[in-house]
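First comes the structure, then the notes that go with it.
The figures here come from the full heavy-atom set of this structure, side chains too, leaving out hydrogens, waters and symmetry mates. Keep in mind that what you see is a predicted model, and the values were worked out from it rather than measured.
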Amino acid sequence: MNKRRIVVGISGASGFIYGSRVLELLRQVDGVETHLIVSKGAELTRSLETAYSKEDIAALADQTYTVGNLAAAVSSGSFKTDGMIIAPCSMRTLAAVANGLSDNLLTRAADVTLKERRRLVLMVREAPLNLAHIDNMRNVTEMGGIVFPPVPALYNRPQSVDELITHSVARALDLFGIDLPELPRWNGVSGA
């Protein structure tokens, strides 16, 4: 494997822009190959929240798979990847991952990522949380996944929603060791 492979999942939670921004940012990084899975719910969310077409999103990825294709390369642990990010991650997808329910390619790829001890980052989108959500987050964390809600950082004084989205996504990609110049970093306060 001469390129780093990142599986990108987009599920049906509000915030389709998080997934598209992951793809946009990774497209700018040399040596990274993206493998995209978009759930059926995400297709609806895309059409409601963005001006992107299905083809626009597919064009941002190196490889795309249909969510029903359980024979895709990413469904096997023998297909080497650096991990997977699901952005956004719905509570339905979180529950399936937390309970090992590989009923579609998105949840199967996440299960493979966990069983192979690769990095899994879930940008969960829901508020407020009920106990089932919290328990599912705990389960995923205990299995080695990382729950990363896209909580905005305000220390960088963002001037737009775009800056908030980009900062959250860049921080999530940090967890894969992908350093993006778009990410303002906290450098402390001198004399405080």
Side-chain angles (χ1 to χ4, degrees), residues 4 6-30 32 34-39 41-62 64 82-95 97 106 110 113 119-130 133-134 136-138 140-141 145-190 192:
R4 295 187 66 190
I6 306 287
V7 179
V8 178
I10 305 177
S11 70
S14 182
F16 189 93
I17 190 70
Y18 289 106
S20 60
R21 187 59 45 82
V22 166
L23 292 166
E24 290 165 353
L25 292 177
L26 288 177
R27 195 147 186 81
Q28 300 170 25
V29 179
D30 288 334
V32 173
T34 54
H35 293 258
L36 175 65
I37 308 160
V38 179
S39 75
E43 285 296 341
L44 176 61
T45 306
R46 175 196 50 76
S47 71
L48 295 172
E49 294 182 350
T50 77
Y52 289 118
S53 70
K54 185 176 183 176
E55 294 75 23
D56 292 335
I57 296 303
L60 293 172
D62 294 297
T64 61
D82 287 281
M84 179 177 189
I85 183 169
I86 302 178
C89 181
S90 68
M91 291 299 108
R92 185 254 178 247
T93 297
L94 170 67
V97 173
L106 182 63
T113 301
R119 180 64 43 110
L120 176 65
V121 177
L122 305 179
M123 294 187 79
V124 296
R125 281 275 302 115
E126 187 63 79
L129 300 170
N130 69 37
H133 302 150
I134 294 167
N136 288 333
M137 290 179 196
R138 179 187 48 78
V140 166
T141 301
I146 298 174
V147 176
F148 190 102
V151 177
L154 302 177
Y155 61 81
N156 57 346
R157 297 186 181 190
Q159 300 300 303
S160 68
V161 171
D162 184 63
E163 287 180 16
L164 289 170
I165 300 290
T166 299
H167 188 270
S168 287
V169 168
R171 283 283 292 122
L173 293 175
D174 245 3
L175 297 169
F176 293 92
I178 297 171
D179 192 24
L180 297 163
E182 290 89 351
L183 178 60
R185 300 200 180 267
W186 178 252
N187 292 314
V189 177
S190 60

>> How close do I86 and S11 get, counting heavy atoms only, and between which atoms?
In response: CG2-OG, 4.1 Å

>> For V22 versus A87, what's the shortest heavy-atom pair and its separation?
In response: CG2-CB, 4.1 Å

> Of all residues at least two apart in sequence or in a different chain, which pass the side-chain contact (heavy atoms from CB on, under 4.5 Å) check with L44?
Replying inline: S47, L48

> How far does CG of L129 sit from CG of N136, to the nearest 0.5 angstrom?
Replying inline: 10.5 Å

> By side-chain hydrogen bond (donor to acceptor under 3.5 Å, both in side chains), which residues pair with D179, not counting sequence neighbours?
Replying inline: R185

> So R119 and D82, side-chain contact (heavy atoms from CB on, under 4.5 Å) or not? Walk me through it.
Replying inline: CA-CA 7 Å; R119 180 64 43 110; D82 287 281; over 6 Å; no

>> Please enumerate all residues that pass side-chain hydrogen bond (donor to acceptor under 3.5 Å, both in side chains) together with E43, with sequence neighbours excluded.
In response: R46

> T45: what forms a side-chain contact (heavy atoms from CB on, under 4.5 Å) with it, not counting sequence neighbours?
Replying inline: F16, E49

> For S20, what residues pass the side-chain hydrogen bond (donor to acceptor under 3.5 Å, both in side chains) criterion, not counting sequence neighbours?
Replying inline: none

> Which value, rounded to the nearest 0.5 Å, describes the distance between L122 atom CG and M91 atom CE?
Replying inline: 9.0 Å

>> How close do A153 and N156 get, counting heavy atoms only, and between which atoms?
In response: O-OD1, 3.1 Å

>> Among residues at least two apart in sequence or on other chains, which ones pass side-chain contact (heavy atoms from CB on, under 4.5 Å) with T113?
In response: M84, R118, L120

> Which residues satisfy the ring pair (Phe, Tyr, Trp, His ring centres under 6.0 Å) test with H35, sequence neighbours excluded?
Replying inline: Y65, F79

>> As an exercise, state the distance from OH of Y18 to CG of L23, rounded to the nearest 0.5 Å.
In response: 15.5 Å

> For R138, which residues count as a side-chain contact (heavy atoms from CB on, under 4.5 Å) partner, sequence neighbours excluded?
Replying inline: D135, E142

>> Restricting to ring pair (Phe, Tyr, Trp, His ring centres under 6.0 Å), what partner residues turn up for Y52, sequence neighbours left out?
In response: none

>> Can you list everything that forms a side-chain hydrogen bond (donor to acceptor under 3.5 Å, both in side chains) with R27? Sequence neighbours excluded, please.
In response: none

> Can you list every salt bridge (charged side-chain N to carboxylate O under 4.0 Å, His left out) pair that touches residues 6-26, not counting sequence neighbours?
Replying inline: R21-E24, R21-D162

> Looking only at heavy atoms, what is the nearest atom pair of A170 and L25, with distance?
Replying inline: N-CD1, 4.2 Å

> Can you list the steps and then say if T34 with L36 is a side-chain contact (heavy atoms from CB on, under 4.5 Å)?
Replying inline: CA-CA 6 Å; T34 54; L36 175 65; over 6 Å; no

> Under the salt bridge (charged side-chain N to carboxylate O under 4.0 Å, His left out) test, which residues partner D62, sequence neighbours left out?
Replying inline: none

>> Testing the basics here: between I85 and A172, what is the closest heavy-atom pair and its distance to 0.1 Å?
In response: CD1-CB, 3.9 Å

>> What's the separation between atom CD1 in I6 and atom CD1 in I178, rounded to the nearest 0.5 Å?
In response: 4.5 Å

> Is there a side-chain contact between S168 and M123 (heavy atoms, below 4.5 Å)?
Replying inline: yes

>> Applying side-chain contact (heavy atoms from CB on, under 4.5 Å) to V8 and V38, what does each step give before you reach the verdict?
In response: CA-CA 8 Å; V8 178; V38 179; over 6 Å; no

>> Is it the case that the side chain of H167 and the backbone of L164 share a donor-acceptor pair, with hydrogens and angles ignored and the cut-off at 3.5 Å?
In response: no

> Run the side-chain contact (heavy atoms from CB on, under 4.5 Å) check on E163 and S160 step by step: do they pass?
Replying inline: CA-CA 5 Å; E163 287 180 16; S160 68; 3.4 Å; yes

> What are the two closest heavy atoms between R125 and P88, and how far apart are they?
Replying inline: CG-CB, 3.6 Å

> At what distance, to the nearest 0.5 angstrom, does CG of L106 lie from CD1 of I37?
Replying inline: 5.5 Å

